[in-house]
There are 2 protein chains.
Amino acid sequence: MARVTLKDVADRAGVHASTASRALDPEKGSMVHAETVARVRAAAEELGYQGHAIASGLRRGHTSTLGIVVADLGNPFIAPVVRGIENHLEGRGLMALIAETRDDHGRMARVLNNLAARRVEAVIVTGARRGDEQVLRKAQRQMPIVLAVRHLPGSGIPAITHDDERGGRLAAEHLLEHGHQRIAQLCGPRGISSFDERASGFRNRLRTAGLEVIELEDAAQHPTLAEGRRLMERMLAQRGVVPTAIFAHNDLMAFGALQALAGQGRSCPEDVAMIGYNDTPMTAFTQPPITTVRLPGYELGRMASDTAVVLMEDWEQPRSTLSLPPVLVPRHSTLGWRGET
Amino acid sequence: MARVTLKDVADRAGVHASTASRALDPEKGSMVHAETVARVRAAAEELGYQGHAIASGLRRGHTSTLGIVVADLGNPFIAPVVRGIENHLEGRGLMALIAETRDDHGRMARVLNNLAARRVEAVIVTGARRGDEQVLRKAQRQMPIVLAVRHLPGSGIPAITHDDERGGRLAAEHLLEHGHQRIAQLCGPRGISSFDERASGFRNRLRTAGLEVIELEDAAQHPTLAEGRRLMERMLAQRGVVPTAIFAHNDLMAFGALQALAGQGRSCPEDVAMIGYNDTPMTAFTQPPITTVRLPGYELGRMASDTAVVLMEDWEQPRSTLSLPPVLVPRHSTLGWRGET
DNA sequence: CAGCGCAGCGCAATCGATTGCGGACTACGG
DNA sequence: CCGTAGTCCGCAATCGATTGCGCTGCGCTG
């Protein structure tokens with residue numbers, strides 16, 4: 001389609017292509033007589049010349065393109081992250097290629113390969129899983145990589161994450177403040193840093209208060225509503241003390257747990273307090289509204305994108321690893337507990 | 001970074017770059033002695049050669065890249081669409097550049113320009129607004145454009161949309177079936193095809209049943225919870241009959257309307273039935289769960305991407321415009337109405 | 001008036017691959 | 001023993017731009 005090339009413009013303006021190139025480049029505009037610049041500009045305008053960023057990039061040695069790799073585009077809390085990245089890139093002349101792995105190692109490898117072939121200048125990977133270290137490290141030889149949301153402990157790959165350890169602590173503290181003593185948690189899938197860390201943060205905080213967390217051997221296979229319900233049912237079926245407060249590792253699981261509780265005739269928050277994670281929009285509208293931990297996804301995206309840009313401009317920067325603080329959002333599901341003094 | 005070039009591989013294998021190129025191209029592998037192919041492959045392997053899709057694309061005359069332009073990446077029902085596009089592209093060697101306009105005409109223009117400069121082979125635009133016709137048509141001279149979700153009536157730009165006219169009809173029929181006679185709708189922003197059409201579909205269906213829809217002059221500025229509440233409050237404040245059923249133009253507005261009703265001591269569904277739109281995940285979990293219209297977003301993405309691919313391969317195809325059928329999802333907010341016989 | 005500096009522009013190489021054309025060499029039939 | 005077809009591969013042009021270097025004039029100085 002886009003037929004008209006720089007040479008066409010140059011011909012029409014009666015100059016050489018190199019002159020046209022300089023005339024059209026604001027940086028080099030001064031190397032060319034003002035009148036010539038005007039003539040070239042006019043020619044470009046008349047012909048409807050559209051710059052060719054690809055060819056230009058080839059010669060100049062850059063693509064002004066980043067890659068974003070996500071596990072699941074449908075995941076609601078990935079949206080703000082991508083948004084943060086995108087908004088940070090805009091205005092810098094950068095754009096992002098986006099790809100989905102669907103939590104498949106093979107797809108991860110293929111996607112990274114494809115991005116490398118396209119010479120993206122950096123890649124932001126949200127949704128890395130244990131087992132991706134190999135491919136990621138291999139890809140790192142081709143381009144800088146920044147992990148976002150989830151990191152790979154011990155991999156040495158720079159990462160921007162939420163401070164989920166702290167998120168777990170916040171949840172624990174909130175429940176302690178409201179006088180709970182028998183506290184349980186429903187764990188998300190193992191091997192994913194963000195779940196593992198909120199589990200240990202929660203557990204450790206309770207321990208320093210002299211309490212032992214009630215939890216199952218079992219963790220959720222996927223962080224879904226159905227799994228939340230299943231885990232809650234299993235916990236209720238166990239003999240022994242029934243917890244007065246539950247920390248579910250995300251909002252959907254919290255909601256599933258609520259359904260299990262309702263099925264047993266226990267109400268929230270009167271009988272059992274519930275706390276979720278992520279501050280999914282629905283949590284404000286459920287019955288009862290669910291106390292949750294809010295994560296600064298948009299900021300995370302901006303920061304990940306920021307370090308990606310730094311890395312792409314200056315390879316071999318000190319590996320900056322950063323984690324952003326979450327905030328507890330109290331709602332009705334923990335505020336009306338009957339046992340509170 | 002990626003230093004090693006095809007020439008390096010060729011040198012190491014003791015052949016000319018052109019031969020190396022042929023050896024590495026599965027299509028042309030037969031033009032080269034099998035043993036040589038093996039030698040080149042080995043050399044490429046040892047050197048860690050990574051193909052250069054940009055340079056190759058420049059010569060071959062394609063980029064294997066599409067553009068996706070969305071209004072708001074945070075919009076929950078845009079995610080499945082992007083997902084559908086992405087999944088359809090994958091495996092075809094295509095990738096997508098993604099950009100956000102935030103409903104700003106200027107940004108739309110800049111984004112399209114940027115995509116054109118990068119020589120994307122087609123662009124899928126979700127979230128076109130009235131007023132974008134100019135830029136879109138101009139961009140169309142550079143590359144094929146497919147509208148998704150929202151279309152621009154009369155623009156002649158091919159579009160894949162939801163059949164919102166029909167969505168409105170479905171909502172109307174559902175309410176009629178349940179015996180409602182005084183029915184109102186809360187309209188989303190004007191000038192956006194999807195809202196305008198669900199309004200007229202709803203209105204027309206009621207008319208053929210001999211009913212006139214109750215509605216305000218006013219429409220929502222944005223399809224948000226706050227606006228839903230505001231409109232509902234205004235409607236309740238008006239003298240005259242109170243509707244027994246409300247059609248809100250999306251789920252958030254429906255929820256805002258519910259809050260306004262609750263504020264006046266009216267309960268749903270006993271006093272007033274409520275129906276939303278989009279089947280946002282939250283609607284299943286609110287109290288009461290909200291009847292809504294489900295849109296096949298993923299399929300829409302796949303089809304949009306499909307027609308984009310067709311168009312990029314064969315410019316000047318018949319402009320295929322298509323709309324996908326929505327489905328009504330009945331939930332409690334319309335099923336427990338007191339007035340039903 | 002010779003010489004120098006500088007502004008403005010063109011030449012040709014370059015980025016990293018692909019490809020039409022033709023050369024060298026083998027093999028085979030007559 | 002020669003002509004010819006067929007295989008494999010190299011040469012050089014090409015995709016569309018950018019850029020180091022050098023040439024041409026012009027104006028100014030000593």
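Since the structure is predicted, the reported quantities are computational estimates derived from the model, not experimental observations. Side chains included, hydrogens not; waters and symmetry mates left out as well; all remaining heavy atoms used. Letters go in sequence order (proteins before strands), and every chain restarts at 1.
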[X] [atom1] - [N] [atom2] separation (whole Å):
| X | N | atom1 | atom2 | value |
| --- | --- | --- | --- | --- |
| L58(B) | dC15(D) | CG | P | 9 Å |
| L6(A) | dG16(D) | CG | C1' | 8 Å |
| R118(B) | dA17(D) | CZ | P | 15 Å |
| H33(A) | dG10(C) | NE2 | P | 13 Å |
| K7(B) | dC11(D) | NZ | P | 10 Å |
| I54(A) | dT14(D) | CD1 | P | 22 Å |
| R119(A) | dA17(C) | CZ | P | 7 Å |

N-O pairing of [X] and [Y] below 4.0 Å:
| X | Y | result |
| --- | --- | --- |
| R12(A) | D8(A) | no |
| R107(A) | D72(A) | no |
| E86(B) | R102(A) | no |

Heavy-atom count around Q134(A) CD within 6.0 Å, excluding the residue itself: above 12?
no
Is it true that, when you exclude R302(B) itself, more than 12 heavy atoms of the residues, nucleotides or ligands shown sit nearer than 6.0 Å to its CZ?
no
Backbone N or O of L147(B) within a donor-acceptor pair of the R150(B) side chain at under 3.5 Å?
no
Does any N or O in the side chain of N87(A) come within less than 3.5 Å of the main-chain N or O of G84(A), such that one atom is a donor and the other an acceptor?
no
Check whether any side-chain N or O of [X] sits under 4.0 Å from OP1 or OP2 of [N], and answer yes or no.
| X | N | answer |
| --- | --- | --- |
| S56(A) | dT18(D) | yes |
| H52(B) | dA17(C) | no |
| Y49(A) | dA17(D) | yes |

For the helix from dC1(C)-dG30(D) to dG30(C)-dC1(D), measure the angle between the helix axis at one end and the axis at the other, each built from five pairs, rounding to 10°.
70°
State the CZ-OH distance between R41(B) and Y49(B), to the nearest 0.5 angstrom.
12.5 Å
Within the 3.5 Å criterion, strictly below it, is a donor on R118(B) or T65(A) matched to an acceptor on the partner's side chain?
yes
Please write out the pairs of protein N or O atoms and N or O atoms of nucleotides 19-21 of chain C separated by less than 3.5 Å, giving the distance to one decimal.
{"unit_1": "dT19(C)", "atom_1": "OP2", "unit_2": "K28(B)", "atom_2": "NZ", "d": "2.4"}

